[in-house]
There are 2 protein chains.
Amino acid sequence: MPGSAPQPVPELPADPDLAEISGAPTKQIPPAAVARLTIYLRALTSLMGDGVERVSSESLAEASGVSSATLRKDLSHVGSYGTRGVGYEVQYLSRHITAALGLTHDWKVAIVGAGNLGKALARYGGFESRGFDVVAIFDADPMVVGNEVGWLRVSHVSDLETVVRRTGANMAVLALPAAVAQDVCDRVIAAGVNSVLSFAPVMLQVPDGVNLRKVDMATELQILAYHAQRAQAPGQTA
Amino acid sequence: MPGSAPQPVPELPADPDLAEISGAPTKQIPPAAVARLTIYLRALTSLMGDGVERVSSESLAEASGVSSATLRKDLSHVGSYGTRGVGYEVQYLSRHITAALGLTHDWKVAIVGAGNLGKALARYGGFESRGFDVVAIFDADPMVVGNEVGWLRVSHVSDLETVVRRTGANMAVLALPAAVAQDVCDRVIAAGVNSVLSFAPVMLQVPDGVNLRKVDMATELQILAYHAQRAQAPGQTA
DNA sequence: TAGATTGTTAATCGATTAACAATC
DNA sequence: TAGATTGTTAATCGATTAACAATC
């Protein structure tokens, strides 16, 4: 049985400019700040595309939909990469946020489930462009196994352990029915993956040390429904 | 120009048991609690499926992955529907959470974008089963327009205003490229929709009174990357 | 030097947790 | 009455905001 497989540790980049960050144990960044840093990164990438070289906290905050106070506070967790009276070098800041988020590592993603959602994810350009490499996709349906999806061929889920190890996948995305989610989740973890993103609408149990995030599309609509109902509530008579 | 279209207000149900909640202006529920209430609802639905009639805060909390203190605090925002010393009636509690979240309303969803993601969403059973009715799906590609997706045919996005009004859609899901997201978002809002769920990786601007939520799959992986990198950081030498 | 903008500090606000009185 | 479990209160914790001293 494959209890504790060797977790493939991605190698660090040799860029000396980032050494003190990617190597050293930086302080913990608050969860809320981590989520927003990914948004700043997207805004910075967009600015780079427009050839912008410098940006103030005020305008980067506006582009990201937060207050400049929040932005500066968040950046302070990453380090001091701005210049007072001037602003931030777009490239320089972008590189440091990237490093702080661990995106210089070599992330290899296995997608389990080759239905519409799995295929959508496999072909989604946003992954590749942000340093995530989709290295495998699985399905349980023999009719689907062998099909081409993007650059890949669909493997049978019974080969999950073998293929995960061969490809060195270190992240898994679960795009499959709720009923089989826990079972598959256990298997990818046993195969050495310790970061899982699940789209299945169930509570998954994972051991300590495994990172699990969930996206539930029905939940999102339900939250919208709550706010919409409040907004247009006719009974505001009190 | 279609500035302020008549927003279709979903009718209230005639269930007298829920009248005081669906009709009256209940207090605001904190955002964090709203998000979790949807999770409790899922757990309760699952319990009902198993024929369970009563549940304690302790076991419902466990099934939902939160502490019982958090659960009881969250439920207290909805009302007092438990019995001390006994627990909660599964059906009764479920109905009241449903009402508090506005899920007894008649929500009609238009999906814009019939690529893999749009198709995945249109066919996703979790919507129908939770009171969301997908009433239209759009695409800009003439090759895709007219195709069957689930029960629907794909409409051309140029007919967006017409079809949204005809179907009475009051929610929109954007499953389309970042480049066109803002434009389409403006149009669905102009057509009278005031709740939008976007999967496009861009910051969307919406007017006051419009509810916007975003799901960004690359962001989710980036957050996982941050935690994974910390967990296996080799440089914990300090 | 004068103007601009960062990084940080302190104050406010909201969310979570623990404990327990109320009550079935 | 004794045991169980809710609903609420008070304490803790974390996140956001505002203000400003540091400094380019």
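Proteins come first, then strands; the chains are lettered A, B, ... in the order of their sequence lines, and each starts at number 1. Remember, it's a predicted structure, so these values are computed and weren't measured experimentally.
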**OP:** State whether the side chain of A:T45 and the backbone N or O of A:L41 hold a donor-acceptor pair below 3.5 Å, judged by distance alone.
**Re:**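 It does hold such a pair.
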
Original post:
Between A:N170 and A:D106, is there a donor-acceptor pair closer than 3.5 Å when you use the side chain of the first and the backbone of the second?
Top reply: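 Side chain of A:N170 to backbone of A:D106, a donor-acceptor pair under 3.5 Å: yes, one is there.
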
**OP:** Could you let me know what C:dT23 is paired to, Watson-Crick or G-U wobble, both distances under 3.5 Å, or none if it's on its own?
**Re:**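 Base partner found: D:dA4.
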
**OP:** Any strand is fair game: report the nucleotide pairing with D:dC13 by Watson-Crick or G-U wobble, both distances under 3.5 Å, or none.
**Re:**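 D:dC13 is paired, partner C:dG14.
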
Protein-nucleotide distance ([X], atom [atom1]; [N], atom [atom2]), rounded to Å:
X	N	atom1	atom2	value
A:K27	C:dG7	NZ	C1'	14 Å
A:L71	C:dT5	CG	P	14 Å
A:E58	D:dA19	CD	C1'	14 Å
B:L60	D:dG7	CG	C1'	15 Å
A:H77	C:dT8	NE2	P	10 Å
A:R54	D:dC24	CZ	P	15 Å

Subject >> Any B:Y81 side-chain nitrogen or oxygen under 4.0 Å from OP1 or OP2 of D:dT5 >> reply: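 No, outside the criterion.
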
Subject >> Presence of B:Y88 side-chain N/O under 4.0 Å of D:dG7 phosphate oxygens OP1/OP2 >> reply: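 Checking B:Y88 against D:dG7: at least one side-chain N or O falls below 4.0 Å of OP1 or OP2.
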
Counting side-chain heavy atoms from C-beta on, which of [options] comes nearest to [X]?
X	options	value
A:T70	D:dT16, C:dT17, D:dC24	D:dT16
A:R84	C:dT6, D:dT17, C:dA22	C:dT6
A:P31	D:dT6, D:dA15, C:dA15	D:dA15
A:S80	C:dG7, D:dT17, C:dA22	C:dG7
B:K73	D:dG7, C:dT17, D:dT17	C:dT17
B:R72	C:dA19, D:dA19, C:dT23	C:dA19
A:S67	D:dT6, D:dT17, C:dG7	D:dT17

Original post:
Which residue, A:P30 or A:G85, contacts DNA chain D at a nucleotide closer to its 5' end, judged by nearest heavy atom?
Top reply: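 That would be A:P30.
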
Original post:
What pair of heavy atoms forms the shortest contact from B:Y88 to B:S56, and how long is it?
Top reply: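 It is CD1-C, 4.4 Å.
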
Subject >> A:Y81 and A:Y92 aromatic centres sub-6.0 Å >> reply: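 Yes - the distance between ring centres of A:Y81 and A:Y92 falls below the 6.0 Å cut-off.
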
**OP:** Could you check which residues of residues 35-52 of chain B get a heavy atom under 4.0 Å from DNA chain D? Sort them by number, please.
**Re:**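 Result for residues 35-52 of chain B: none.
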
Original post:
Counting heavy atoms not belonging to B:E62, are there more than 12 under 6.0 Å from its CD?
Top reply: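 Not buried by this count: 12 neighbours or fewer within 6.0 Å.
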
**OP:** If the plane angle is over 60° it's perpendicular, under 30° parallel, otherwise tilted; pick one for A:W107 and A:H105.
**Re:**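 Parallel.
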
Subject >> Side chain to side chain, A:S198 and A:R213, heavy atoms closer than 4.5 Å >> reply: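 They are not in contact (no side-chain heavy atoms under 4.5 Å apart), so the answer is no.
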
